[in-house]
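Report on the following structure.
All figures in this text were calculated on a predicted structure; none of them were measured in a lab.
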Amino acid sequence: MRMASVLVSLAACSCMGFNIIPTTDDSSSTGGTDASTQSSSEAGDATTTAVTGVNCGADPDTGAVLCLGISSCPDVVVDSDLYPGCGFRVHDGTGVLDLECACYGQICPIGVASTCDQATALMQDQSQYTVCMQVDEGRCTNN
């Protein structure tokens, strides 16, 4: 009887369409799509700092690369138990902290933050379930 309930639970989980992102231990290895640059100015001199994703993987349905962490906010980590299939999406040169979830073959926004504290707050105020409800609202994309 216990095995039957485990199988039913697994089947229900797979029907919901939540994807688990395969991750790597090497923060620099995600198929070359996790690095971007962020420009800053110090005393009038322009400098460039590379922003990279940490523990990244590609969603198998959309190909979107999501990362459990990002180098610009080393203390902010996406809890993969609370947010399976979710993470930071690193954008070239923007410096934004874009949190997304893979849902039903689409990518749905948790939100965009400009500070590490805002990114933390976005994850505290929602759940993967509420983020993925956006599919029905047409607020998600295929990549």
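Between Cys101 and Cys86, the gamma sulfurs sit within a distance below 2.5 angstrom.
Residue Tyr104 holds its OH atom at 9.5 Å from CE of Met133, rounded to the nearest 0.5 Å. To the nearest 0.5 Å, atom CD of residue Gln128 and atom CG of residue Asp79 are 11.0 Å apart. A distance of 10.5 Å separates CG in Asp59 from CG in Asn143, rounded to the nearest 0.5 Å. Interatomic distance, Arg89 CZ to Cys56 SG, rounded to the nearest 0.5 Å: 12.0 Å. To the nearest 0.5 Å, atoms CD1 (Ile107) and CG (Asn142) are separated by 9.0 Å. Between atom CD1 of residue Ile110 and atom CZ of residue Phe88 there is a gap of 8.5 Å, rounded to the nearest 0.5 Å.
Within the 4.5 Å cutoff, no side-chain heavy atoms of Val54 are placed close to those of Cys67. Residues Leu97 and Gln118 form no side-chain contact, since every pair of their non-hydrogen atoms from C-beta on lies 4.5 Å or further apart. Counting only heavy atoms from C-beta outward, the side chains of Gln106 and Thr141 never approach each other to under 4.5 Å. Val76 places none of its side-chain heavy atoms less than 4.5 Å from the side chain of Ile70. You'll find the side chain of Cys108 stays beyond 4.5 Å of the side chain of Arg139, heavy atoms only.
Cys132 and Ala102 get closest at one heavy-atom pair: SG-O, 4.3 Å. A pairwise comparison of heavy atoms in Gly105 and Thr62 identifies O-CG2, 3.1 Å as the closest pair. Taking every heavy atom of both residues into account, Pro74 and Ser71 meet most closely at CD-O, 3.5 Å. Considering every non-hydrogen atom in both Ala113 and Leu122, the closest pair reads CB-CD1, 4.0 Å.
Side chain of Gln134 to backbone of Val131: a donor-acceptor contact under 3.5 angstrom is found.
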Requested in this report: Test side chain to side chain contact (heavy atoms under 4.5 Å, CB included) on Asp98 and His91 and set out the steps.
Outcome: CA-CA 8 Å; Asp98 183 9; His91 297 283; 2.6 Å; yes
Query raised in the report: Are Cys140 and Cys103 close enough, and set up right, to give a disulfide (SG to SG under 2.5 Å), and what steps lead you there?
Result: CA-CA 9 Å; Cys140 305; Cys103 307; 5.9 Å; no
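Put simply, Val77 and Leu82 are part of two different groups of oily side chains (I, L, V, M, F, W, Y) that touch within less than 4.5 Å, one to the next.
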